[in-house]
**Q** 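Submitted below is the structure of interest, expressed as structure tokens.
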Protein chains: 2
Amino acid sequence: MPMRVTADDVARAAGVSRAMVSRAFTPGASVSAKKREHVLAVAQALGYRPNLIARGLTGQRTGLIAVVVGEISRPYEAWLLEHLAQALSAHGYQPLLLPMFKDASLMEMLDHALAYQVDGAIVAAGSVSREVADRCRASGAPLVLIGRVLEKSEADAVCCDNSKGMRLLVDRLVQQGRQRIAWLGGTLDTFSDQERRLGVEQALTHHGLALTAQRRGDFSLHSGVEEGGRLLDAGLMLDGIICANDAMALGVVEAAAQRGIKVPDEVAITGFDDVPGAAWGRCPLTTVRNPVRETALAALRLLDARLQTPARATQVIRVGVTLVERASA
Amino acid sequence: MPMRVTADDVARAAGVSRAMVSRAFTPGASVSAKKREHVLAVAQALGYRPNLIARGLTGQRTGLIAVVVGEISRPYEAWLLEHLAQALSAHGYQPLLLPMFKDASLMEMLDHALAYQVDGAIVAAGSVSREVADRCRASGAPLVLIGRVLEKSEADAVCCDNSKGMRLLVDRLVQQGRQRIAWLGGTLDTFSDQERRLGVEQALTHHGLALTAQRRGDFSLHSGVEEGGRLLDAGLMLDGIICANDAMALGVVEAAAQRGIKVPDEVAITGFDDVPGAAWGRCPLTTVRNPVRETALAALRLLDARLQTPARATQVIRVGVTLVERASA
DNA sequence: AACATTTTTGCACGCGCTTTCAAAATCGCG
DNA sequence: CGCGATTTTGAAAGCGCGTGCAAAAATGTT
């Protein structure tokens with residue numbers, strides 16, 4: 001049973017009071033340089049490190065940030081998580097990972113995290129209700145949304161410009177003379193799905209067109225193969241399929257290949273996000289670049305800002321997107 | 001400034017002592033059923049939840065588990081992390097995510113995590129020295145390794161049977177009459193790389209063969225394209241390339257396609273891990289299935305067991321692998 | 001050298017909770 | 001109804017740390 005070395009042990013060994021030890025580890029505290037150095041040396045020798053749990057009890061900050069993401073095995077989520085985790089640790093925060101499963105309740109997950117006195121939460125999965133936002137506010141833990149915004153912007157959020165992204169894609173397809181375009185959406189009730197779909201419809205309308213067909217997958221490659229196949233088999237003479245994300249687009253490419261349908265000659269296929277991997281494979285994807293790094297950094301900035309100034313007005317940052325033209329369209 | 005509701009508030013509102021509130025929330029504590037119900041109801045009404053940070057201060061357990069993984073954007077890591085996170089939360093633990101960057105020091109990362117009084121650590125990245133293991137032991141936080149084992153098995157670990165996996169692959173290639181086989185390794189100093197490479201060499205030796213060539217990537221798809229291209233361009237008449245993981249194998253497939261080299265007719269390409277995505281794309285990969293779910297569960301079992309019985313003998317679990325034959329070989 | 005001023009230090013309290021320990025309440029049964 | 005056995009309860013002592021406050025030491029000023 002290894003006994004932990006506490007500030008008291010260090011104090012005794014260094015011949016000072018425990019308060020001195022605490023101060024030695026608190027930047028900017030009132031300690032003489034010599035004594036601090038001495039205490040730090042003794043602490044080092046004893047292998048002492050302040051107990052951050054205990055510190056979190058008194059101070060208002062634990063340094064813990066709840067990070068809610070969806071299925072990490074999906075490329076976009078993994079990519080985002082990587083940048084988030086990196087940005088957080090770089091700023092001295094510690095990410096508490098809350099993986100969201102299919103039927104999990106965001107509220108319950110956050111409740112649990114709040115019990116750990118997280119300083120804030122970054123949510124990039126699930127549908128965020130006002131109740132959830134209120135709960136966080138009531139606990140004094142700022143909430144930052146990624147890839148979803150609350151109506152009346154009741155929470156800070158950063159989200160890419162879905163509408164513009166889809167417009168870029170549609171414009172390109174129409175410019176190529178394509179007219180019979182189908183939509184392959186993602187999971188229902190998803191903010192991204194809704195915004196992206198709306199973007200496609202508006203852009204098409206602008207050209208005097210409408211969707212020829214539509215189906216719905218679950219953002220996974222597998223569902224892209226399935227539902228993409230259905231679209232292709234329906235005998236609709238499609239010349240373009242716009243997918244809600246890259247993974248499904250890759251699936252549709254696969255489905256087309258299985259049927260000997262030429263991409264992009266017969267049918268164009270587009271994705272969204274530009275995940276690493278979209279550029280490789282059977283057919284490099286024409287897609288929209290979703291700036292993940294920028295998104296993660298913006299989210300952290302928002303969080304920091306609110307931690308600093310709890311009363312500031314909520315802010316929704318729309319990060320820009322760009323068209324990435326590759327072989328699939 | 002939202003004031004948190006504490007056990008004292010509940011106690012006052014329920015007309016009992018704070019100790020009662022604590023007991024009401026402690027399963028198996030000595031409280032009359034009626035009183036517990038009452039306290040719980042009052043707590044519910046006030047929106048009280050025990051402060052797990054404070055609880056962690058007294059009790060020996062915080063419920064926090066440090067999880068060290070490499071670059072999450074890589075399919076295998078993401079896949080593993082997903083299963084780990086799922087398994088941990090299912091068992092009531094809270095994963096504290098520690099992303100390992102290129103030149104980060106495992107020791108420093110764990111030190112930081114230990115300051116948070118984690119109950120244990122699962123490490124699936126970086127090279128684990130004995131010092132690291134000792135540090136964890138000294139802090140009373142069990143260490144469980146994934147995909148790497150310490151000499152003299154000084155820490156619990158779970159790792160797939162790299163050697164057998166490579167043997168299966170080599171046997172298959174040789175059985176197809178292939179003789180000029182190259183090795184595309186991963187990052188140097190990586191346990192997986194070492195074991196897998198050794199496995200290949202031993203299996204080849206067993207057939208009276210040796211490696212025709214070898215290069216080294218960094219486990220990324222991109223490096224597979226690069227280094228795979230170099231191998232293919234070297235004019236070595238290779239008829240097989242064995243890669244240290246799937247991502248690089250997919251890269252090599254890509255490189256072959258760029259050069260109009262037929263896979264598997266001219267050259268066979270094999271991966272390792274069988275990540276989701278290995279089955280799709282330009283050329284479904286012949287690979288070895290690395291049972292991630294089983295690995296994650298085994299790691300958790302090991303952790304639980306040691307938390308239960310700190311003194312038990314360290315245990316190294318080798319999870320089995322199976323050959324997955326697809327188009328690339 | 002005597003005093004005012006500033007810096008450094010230690011004491012003690014509190015953060016929110018768990019957990020002995022002993023007192024109070026309840027129960028069993030003759 | 002009484003007395004020991006049992007369960008339930010509250011007071012209080014921490015857990016490891018930060019910090020306000022006042023005492024002590026160091027510094028500065030005439």
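Letters go in sequence order (proteins before strands), and every chain restarts at 1.
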**Q** Starting at CG of B:Leu57 and ending at P of D:dC17, how long is that distance when rounded to a whole Å?
**A** 9 Å

**Q** Applying salt bridge (Lys or Arg N to Asp or Glu O under 4.0 Å), run through A:Asp9 and A:Arg12 and close with a yes or a no.
**A** CA-CA 5 Å; A:Asp9 301 329; A:Arg12 215 168 305 126; 3.7 Å; yes

**Q** Do the rings of B:His112 and B:Tyr116 sit parallel, tilted or perpendicular, given the 30° and 60° boundaries?
**A** tilted

**Q** Figure out the CD1/P separation between A:Ile53 and C:dG16, and round it to whole Å.
**A** 15 Å

**Q** Can you tell me the distance, in whole Å, between the CG atom of A:Leu114 and the P atom of C:dG16?
**A** 15 Å

**Q** Ignoring backbone atoms, establish whether B:Tyr48 has a side-chain N or O less than 4.0 Å from OP1 or OP2 of C:dC17.
**A** yes

**Q** Working to the nearest 0.5 Å, report the span between CZ of B:Phe191 and CG of B:Leu150.
**A** 9.0 Å

**Q** Got a salt bridge between A:Arg148 and A:Glu195, using NZ or NE/NH1/NH2 to carboxylate O under 4.0 Å?
**A** no

**Q** Which distance, rounded to the nearest 0.5 Å, do you find between the OG of B:Ser73 and the CD1 of A:Ile72?
**A** 13.0 Å

**Q** Can you tell me how far P of D:dC15 sits from CG of A:Asp9, to the nearest Å?
**A** 11 Å

**Q** Polar atom pairs between nucleotides 4-14 of chain D and protein, under 3.5 Å, N or O only, would you list them?
**A**
{"unit_1": "D:dT9", "atom_1": "OP2", "unit_2": "B:Ser32", "atom_2": "N", "d": "3.3"}
{"unit_1": "D:dG10", "atom_1": "OP2", "unit_2": "B:Ser17", "atom_2": "N", "d": "3.2"}
{"unit_1": "D:dG10", "atom_1": "OP2", "unit_2": "B:Ser17", "atom_2": "OG", "d": "3.3"}
{"unit_1": "D:dG10", "atom_1": "N7", "unit_2": "B:Arg23", "atom_2": "NH2", "d": "2.8"}
{"unit_1": "D:dG10", "atom_1": "O6", "unit_2": "B:Arg23", "atom_2": "NH2", "d": "3.0"}

**Q** Within this structure, what is the CG-SG distance for the pair B:Asn290 and B:Cys160, rounded to the nearest 0.5 Å?
**A** 4.0 Å

**Q** In whole Å, what is the span from the CZ atom of B:Arg49 to the C1' atom of C:dG16?
**A** 15 Å

**Q** Between atom CD in B:Gln60 and atom C1' in D:dG16, what is the gap in whole Å?
**A** 13 Å

**Q** Take the protein atom CD of B:Gln117 and the nucleotide atom P of C:dC17, then report the distance between them rounded to whole Å.
**A** 18 Å

**Q** Starting at atom CG of B:Asn51, determine the distance to atom C1' of C:dG14, rounded to an integer number of angstrom.
**A** 14 Å

